[in-house]
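Worksheet: one structure, shown below.
Position 1 is the first residue of the sequence, and the numbers go up from there. If you're wondering where the values come from, they're calculated on a predicted model, not measured in any experiment.
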Amino acid sequence: MKAALIMIPVLVLCACGDPGSGRPETAAFSFVDSTGFASGRALVNAVADFDGDGDLDLFVGFNGRANRLYRNDDGRFVDVAPSVGVADSAGTRTAAWGDFDSDWDPDLFVGFGAGAESWNRLYRNDGGRFTDVAEERGALLQGSFRQVSFVDYDGDADVDLFVAFRDRPNALLRNDGERYVNVAPDLGAADPRRSVGAAWFDFDGDGDLDLVVANMDGDANGLFRNDGESFVDIATEAGLAGGGRSVGDDAQGTVRPSIVDYDGDGHFDVFMANYGPNGLFRNRGDGTFENVAPAVGLAVDGRFDTGIWADYDLDGQQDLYVNGTVTGGTSYRDYLFHNEGGTFSDATPPLLLGLEADHGAVWFDCDRDGDPDLALTGATDDGMHQLVRNGTVGGRALQVLVLDREGHYMPAGSEVRLFDSASGRLLGARLVDTGSGYNAQNVAPVLFGLGQAGLVDVEVTTLGADGRRVTRVPGVDSSGLVGHLLAVRAGS
């Protein structure tokens, strides 16, 4: 299907360096100017272009301090939360962006922790100012909130809402236009286990989104296959129940699942950040997964809150950042793992080791230079809240913004694949984020490092009532897109 293309003069693509000079240098990291960033008790990071000006803004949720929304003014971040209406001071455990009212701008869900303030906001974005409509929309919930995902689980072209809870069954709110209705009990998605993280992807290729749920305190994880009229937990059969750690051991559990094509075969794999050894589950392509973490160097045993993927050095391979938590008087170290072509080496720079991030982490291009930067939080009183700028030297990248048929952006769970135009060889696959785990979420464009690739074909797969729809854009010349996103309106 022919694509409708939009070239947006923002954010984008880095074409510096000689494309024929070989692999770019390993990234060097340095702090972004973080004037005004508060330290201590930060938990949540969520990224979106909330004001539509073409650069990515950052919402940060705190544990007992006023939340912040940093507007990105050409690389300078200004806290506008009080003036736009999102400066809650209750202990915040989750936040996610998504366009629930289909008006072409991202709205914001914020969920709080256990206790008297265990409730949530659903902030409608009205031109850059926010109004809480949770109660009138039927989306006011109670519980100890964890991961939130805006997804279209039923393929009816509106945005539904999934909420993972630490202390009660999970909720799946179907969007019925003016109201949300919790259909999780009826559909089999009300997992009563102690959930923390969640991610959605079409693991079986049938055109709808399936659900991975990460559970703690020794509980098994869930893989809920979407059968249209119900969800069926097949985690044991698929090989994901343990997540790489022990089931039944209260001291172990899975905090954050993330979806990645780590080996470039076009299939989406699952990484589990655990209390216990981490797991990386290679998608065999037959509905089952194999834990390859011990073989590839990722089965680090510790206490980890997050695992997020990006090609930080733009060599065409997805790399992994994992942050350790602070628990029982121990601060577990962070790791930056470099992808060496299917195996991983520890490439953690001293800067990241010194920061000791312990909760929300997200990659995004904060300074519009075409490489992924890293936002980190730290939950203790003397913790940190920082942006770490990626100083990659050399390399080229392509950032793809996926739009639906009507021009609404970022249909969650959409797939983007890149092919070498000359040979047809698959260069890699990325998933449009669905809320990829505990304490972090984004609606940023997907970013591909191009290594030494020349012209590329971009293939976008979106999901809906009529199944998987594929849109292909042939012969993209990244050098012609400097200063632009490649926006693809799928299905038009």
Side-chain angles (χ1 to χ4, degrees), residues 6-14 27 29-39 42-62 66-87 92 95-99 104-110 123 125-130 308 310 312 357 360-377 384-392 397 399-402 409-410 432-433 439-447 481-487:
I6 302 173
M7 303 304 181
I8 303 175
V10 292
L11 250 181
V12 277
L13 183 114
C14 177
F29 287 87
S30 60
F31 284 114
V32 163
D33 178 9
S34 55
T35 302
F37 281 19
S39 297
L43 288 173
V44 176
N45 279 325
V47 171
D49 179 10
F50 86 90
D51 53 0
D53 66 351
D55 51 23
L56 292 171
D57 311 297
L58 177 64
F59 176 84
V60 181
F62 290 84
N67 292 338
R68 297 188 169 204
L69 176 57
Y70 291 102
R71 187 184 65 217
N72 187 344
D73 291 341
D74 197 23
R76 178 174 175 267
F77 287 82
V78 179
D79 179 22
V80 297
S83 62
V84 303
V86 295
T92 300
W97 297 95
D99 185 12
W104 292 276
D105 59 21
D107 311 296
L108 179 64
F109 184 103
V110 181
Y123 284 113
N125 186 344
D126 297 319
R129 296 187 62 85
F130 293 86
I308 54 172
Y312 76 85
V362 62
W363 294 101
F364 75 109
D365 184 7
C366 73
D367 50 5
R368 303 197 305 183
D369 66 352
D371 54 32
D373 309 296
L374 186 58
L376 300 172
T377 65
M384 42 68 63
H385 158 36
Q386 289 286 356
L387 282 172
V388 182
R389 184 175 60 81
N390 184 341
T392 296
Q399 296 196 52
V400 180
L401 178 69
V402 178
Y409 74 98
M410 304 304 286
V432 176
D433 190 61
N439 283 148
Q441 186 262 357
N442 76 83
V443 288
V446 297
L447 188 152
L481 292 176
V482 177
H484 295 74
L485 292 175
L486 177 69

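- Although no hydrogens or angles enter the test, the distance criterion places no donor-acceptor pair under 3.5 Å between the side chain of Asp79 and the main chain of Arg68.
- With contacts defined as side-chain heavy-atom distances shorter than 4.5 Å, the pair Pro445/Leu485 qualifies.
- Between Cys366 and Asp373, the shortest heavy-atom contact is N-OD2, 2.9 Å.
- Looking only at distances, no side-chain donor or acceptor of Asp49 sits under 3.5 Å from a matching main-chain atom of Leu56.
- Contact annotation: the side chain of Pro106 never approaches that of Asp99 to less than 4.5 Å [non-hydrogen atoms, C-beta and beyond].
- Distance alone, capped at 3.5 Å, is enough to place a donor-acceptor pair between the Trp97 side chain and the Ala46 backbone.
- Rounded to the nearest 0.5 angstrom, Tyr123 OH and Phe59 CZ are separated by 7.5 Å.
- The closest donor-acceptor contact from the side chain of Asp74 to the backbone of Arg76 lies at 3.5 Å or more, if one exists at all.
- At distances below 3.5 Å, at least one donor-acceptor pair connects side-chain atoms of Asp57 with backbone N or O atoms of Asn72.
- At least one side-chain heavy atom of Leu387 sits under 4.5 Å from a side-chain heavy atom of Phe77.
- For the side-chain contact (heavy atoms from CB on, under 4.5 Å) criterion with Val47, the lone passing option out of Leu58, Asp433, Asp365 is Leu58.
- Residues forming a side-chain hydrogen bond (donor to acceptor under 3.5 Å, both in side chains) with Asp126 (at least two apart in sequence, or on another chain): Arg124, Thr131.
- Asn125 contributes a side-chain N or O that, together with a main-chain N or O of Phe50, makes up a donor-acceptor pair within less than 3.5 Å.
- Thr377 places a side-chain N or O within 3.5 Å of a backbone atom of Gly360 that can act as its donor or acceptor partner.
- Between Leu376 and Met384, the closest heavy-atom pair is CB-CE, 3.5 Å.
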**Item:** Intermediate values then yes/no, side-chain contact (heavy atoms from CB on, under 4.5 Å), Asn45 and Asn439
**Value:** CA-CA 6 Å; Asn45 279 325; Asn439 283 148; over 6 Å; no
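- Asn442 CG to Trp363 CH2: the interatomic distance, rounded to the nearest 0.5 Å, is 13.0 Å.
- Between Leu447 and Gly370, the shortest heavy-atom distance links the atoms CD1-O, 3.7 Å.
- Thr92 pairs by the side-chain hydrogen bond (donor to acceptor under 3.5 Å, both in side chains) definition with Asn67, not counting sequence neighbours.
- Ala48 and Val443 get closest at one heavy-atom pair: CB-CG2, 3.2 Å.
- You'll find the side chain of Leu69 stays beyond 4.5 Å of the side chain of Val60, heavy atoms only.
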**Request:** Any chance you could lay out the side-chain contact (heavy atoms from CB on, under 4.5 Å) test for Asp371 and Tyr312, step after step, and finish with the verdict?
**Result:** CA-CA 7 Å; Asp371 54 32; Tyr312 76 85; over 6 Å; no
**Request:** Before giving the answer on salt bridge (charged side-chain N to carboxylate O under 4.0 Å, His left out), spell out for Asp73 and Arg71 the whole-Å C-alpha distance, their side-chain angles and the decisive distance to 0.1 Å.
**Result:** CA-CA 6 Å; Asp73 291 341; Arg71 187 184 65 217; 2.8 Å; yes
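- The backbone N or O of Gly128 lies less than 3.5 Å from no partner atom in the side chain of Asp51, so there is not a single donor-acceptor pair.
- Remark: the backbone N or O of Gly75 is not paired with any side-chain donor or acceptor of Asp367 at under 3.5 angstrom.
- Here the closest heavy-atom approach between residue Ala440 and residue Val362 is recorded as CB-CB, 4.5 Å.
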